[in-house]
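All figures in this text were calculated on a predicted structure; none of them were measured in a lab. Naming convention: chains lettered A, B, ... in sequence-line order (proteins, then strands); numbering from 1 in each chain.
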There are 2 protein chains.
Amino acid sequence: MDKRKRLLESALKLFVEFGFHETPTSKIAKEAGIANGTLFYFFATKDALVIALYTDIKSQMMAHVAKEIENKTSLKEVLKGYYSASLEWAMKHKTKFRFIEQFTNSTYLNKIADEAIQEHLQPIYKLLKQGFKNQVIQKLDVDMIFALVSGHTFSINQYLVTKDFSKNKQAKVIDETFELLWKMLT
Amino acid sequence: MDKRKRLLESALKLFVEFGFHETPTSKIAKEAGIANGTLFYFFATKDALVIALYTDIKSQMMAHVAKEIENKTSLKEVLKGYYSASLEWAMKHKTKFRFIEQFTNSTYLNKIADEAIQEHLQPIYKLLKQGFKNQVIQKLDVDMIFALVSGHTFSINQYLVTKDFSKNKQAKVIDETFELLWKMLT
DNA sequence: TTTGTTACTGACTAAACAGTCAGCAAATTT
DNA sequence: AAATTTGCTGACTGTTTAGTCAGTAACAAA
């Protein structure tokens, strides 16, 4: 019913399958069963559509992660909360996550303010800094630690996507790899 | 002099700056100081040019890495050889490495046979399997370990690129992070 | 000398595409 | 009931771009 939503859904599907530039706006509208010009009624340009889709999905993901960690207290628990909530969300919304990856590795990134991208990372930075103080995390450059954490998360996601495990096995891998990460950092 | 080479160089420069689709073949030819049609004399299509550039750069990188490890013997030494040689090469050829990243995250990847992509990974797989046998590396799924190693490498590269350290500091970070990786795996 | 080949040119074309716009029907306001 | 606004349409256009092709100049082979 909601045409704006339908356009976003079709765009997501086609972008992930064919890429931004290989997906004409006409195809997006057609897939959504909506007139050509309507797309430009809702989104001024194609870029605006792409960016709207990105911020939309990103906030969905962030909402999920935030919810998962709200009741956690210890550093390890919170960090694990971040880690497993991100991976679980990514597994549950593969297409959306693939889109985020695509977007992050494209030139569109420059069109969004840096602050907007980095905004949701702030809590993790704080967490890590707190970890230094309490001497539980190795005292290395925060940016380096951060790079390691996101690299780890990213690669395990790739691994899980290719393997297509059962829910149980998935959870087991997430636990196992978090312990590896924790071992490395502490 | 060599026009084919000049086209590849111009393409590399422009692709990394603007992306594949935002770089018309006409601009590539112009940048190289070569006639429009000549590009299609050397490369049948734009895609063929992109793929040629990829395989070209990839083999340069692989040659460097192979050379660095040829005299190493112990498992740890060889793995470290791979790790640091890759990072050193990436730092020395930032544009080329950025191109590889861009390419890997694009739809072009599907156009290259999987075997060609995975071909150079074989030695690392062998290495890791050997590590299990000798009980020095944790007995986890090889694909998982492999994902962790490449994720680690990739993220430290990102870190080094953003920081722009001196050669010395760079080498230090590479050493340090390899030890972290090794600690995690063993 | 003639014939063929190779490397290269740049004007041209056909197709694709983002974005426009005049207009319409339904809902809302006056 | 009239006027205005909103949501939406789809035919159309100007531009951009990958790829073509007829031709040329230099050199070599027959």
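- Nucleic acid contact for B/I34: sugar-phosphate only, since backbone atoms but no base atoms lie under 4.0 Å from a heavy atom of the residue.
- Summarising the geometry, the separation between CG on B/L49 and P on D/dG19 is reported as 10 Å, rounded to the nearest angstrom.
- Across all strands, B/F42 comes closer than 4.0 Å only to sugar-phosphate atoms, never to a base (heavy-atom distances).
- The phosphate of C/dA7 has OP1 or OP2 within less than 4.0 Å of a side-chain N or O from B/Y41.
- Going from atom CD1 of B/I28 over to atom C1' of D/dG19 covers 13 Å, rounded to whole Å.
- Across A/G151 and B/S155, no two heavy atoms sit closer than the pair CA-CB, 3.7 Å.
- Remark: nothing in residues 5-14 of chain B comes within less than 4.0 Å of DNA chain C through any heavy atom.
- Between the NZ atom of B/K30 and the P atom of D/dA18 there is a distance of 14 Å, given to the nearest Å.
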Per-nucleotide protein contact along nucleotides 14-21 of chain C, 5' to 3', at a 4.0 Å heavy-atom cut-off (B base, S sugar-phosphate only, - neither), is ---SSBB-
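- No more than 12 heavy atoms of other residues, nucleotides or ligands lie within 6.0 Å of NZ in B/K30, so this atom counts as exposed by the packing criterion.
- Here the closest heavy-atom approach between residue B/L87 and residue B/T153 is recorded as CD2-O, 3.6 Å.
- Here the shortest heavy-atom pairing between A/L8 and A/L49 reads CD2-CD1, 3.7 Å.
- The minimum heavy-atom distance linking B/Y159 with A/M144 is given by the pair CE1-N, 3.4 Å.
- The side-chain contact (heavy atoms from CB on, under 4.5 Å) with B/D164 is formed by just one residue from the set B/K94, B/Q170, B/K169; it is B/K94.
- What separates NZ of B/K3 from P of C/dC8 is a distance of 5 Å, to the nearest Å.
- Taking the salt bridge (charged side-chain N to carboxylate O under 4.0 Å, His left out) definition, one finds that A/E31 meets it with A/K13, sequence neighbours left out.
- Listed here is the closest heavy atom pair of A/L181 and A/H152: CB-NE2, 3.6 Å.
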